[in-house]
Amino acid sequence: MAILNIPTENRKLTDAQEIREYLAGVGIFYENWNTARGLSESATAEEVLAAYAPEINRLKEMGGYVTADVIDVKPETPNLDVMLNKFNKEHFHDEDEVRFIVEGHGLFHIHPKEEGKPVIALEVVAGDLISVPSGTWHWFDLCSDRRIRAIRLFLDASGWSPHYTNTGVDKDFIPACFGPAWIAPQQPLIKNPILP
């Protein structure tokens, strides 16, 4: 289940209904889907799309999306840092950014343009669907394990092109996920010579 953090208010939401309502208030569509589909980690993109076909078709009807694909990012993905650097700075797109998380997790920061609305951070995990409307200022980071597999829907098969805002606001926020399971274990700085 997603975690919504509002850093300037020192506030965290973990209830799906509260998250859905808060996100709706800043124009973001959010749902949580059942992921029990019998898919293995080695399932092909075609198998993933087939397993979620009813939900994908519903979204296509709702939003006019014409195509769907699966992105599968792992720490060993070639040129991963280049790909991440394209989207981890504040930007917007000319079409909605629709993602359903099949596996792994990531972090969306949303910067509402409305006066008085704070920047929020939404950690998405398997089962979470997010639709960031075109024109919404946002950025995306992976969590420390650098793993995400997601279904993406598009109005145009060419994908999302970022338009950078260059406000610099993204530099004020730490790209850290909030769930305790995602905190990378730390090695001791000095080995205790007495303990084994």
Partner residues of Pro7 under the side chain to side chain contact (heavy atoms under 4.5 Å, CB included) criterion, sequence neighbours left out: Asn5, Phe173

Sidechain N-carboxylate O distance under 4.0 Å for Glu115, Lys117: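 Salt bridge: no.
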
Asp72/Arg147 salt bridge by N-O under 4.0 Å criterion: yes

Within residues 26-50 or reaching into it, pairs that qualify as salt bridge (Lys or Arg N to Asp or Glu O under 4.0 Å) - sequence neighbours excluded: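 The answer is Glu31-Arg58, Arg37-Glu55.
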
Within residues 165-174 or reaching into it, pairs that qualify as salt bridge (Lys or Arg N to Asp or Glu O under 4.0 Å) - sequence neighbours excluded: none

Within the distance-only criterion (no hydrogens, no angle test), does the side chain of [X] pair as donor or acceptor with the backbone N or O of [Y] below 3.5 angstrom?
X      : Y      : answer
Lys113 : Gly135 : yes
Glu123 : Ile3   : no
Lys89  : Asn85  : yes
Tyr52  : Val102 : no
Asn79  : Val82  : no
Asn57  : Pro54  : no

ILVMFWY cluster membership beyond Trp137 - transitive side-chain contacts under 4.5 angstrom: Phe92

By side-chain hydrogen bond (donor to acceptor under 3.5 Å, both in side chains) - contacts of [X] (at least two apart):
X     : value
Gln17 : Arg20, Glu21
Asp94 : His163
Thr8  : none
Asp69 : Arg152

Ring center gap for His93 and His91 short of 6.0 angstrom: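 Centroid separation for His93 and His91: below 6.0 Å.
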
Ring centres under 6.0 angstrom apart (Phe140, Phe108):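 That pair passes the under 6.0 Å test.
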
Any [X] side-chain heavy atom under 4.5 Å of [Y] side chain:
X      : Y      : value
Val70  : Leu49  : yes
Leu107 : Val124 : no
Arg146 : Leu80  : yes
Met83  : Val73  : yes

Results of salt bridge (charged side-chain N to carboxylate O under 4.0 Å, His left out) for Glu61 - residues two or more places apart only: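 Salt bridge (charged side-chain N to carboxylate O under 4.0 Å, His left out) list for Glu61, sorted by chain: empty.
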
Any residue meeting salt bridge (charged side-chain N to carboxylate O under 4.0 Å, His left out) with Glu90, in chain and number order, not counting sequence neighbours: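 So Glu90 forms no salt bridge (charged side-chain N to carboxylate O under 4.0 Å, His left out) with any residue.
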
Ring pair (Phe, Tyr, Trp, His ring centres under 6.0 Å) contacts touching residues 1-35 (sequence neighbours left out):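 For residues 1-35, and leaving out neighbouring residues, the ring pair (Phe, Tyr, Trp, His ring centres under 6.0 Å) pairs sorted by first residue read Trp33-Phe100.
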
More than 12 heavy atoms of other groups within 6.0 Å of Asn10 CG: no

Shortest non-hydrogen contact from Ile148 toward Gly106: CD1-N, 3.9 Å

Over all atoms of both residues, closest heavy-atom pair of Gly64 and Leu155: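 Closest pair (atom of Gly64, atom of Leu155, distance): O-CD2, 3.2 Å.
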
Contacts of Tyr65 that satisfy ring pair (Phe, Tyr, Trp, His ring centres under 6.0 Å) - sequence neighbours left out: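 Partners of Tyr65 by the ring pair (Phe, Tyr, Trp, His ring centres under 6.0 Å) criterion come out as none, since no residue qualifies.
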
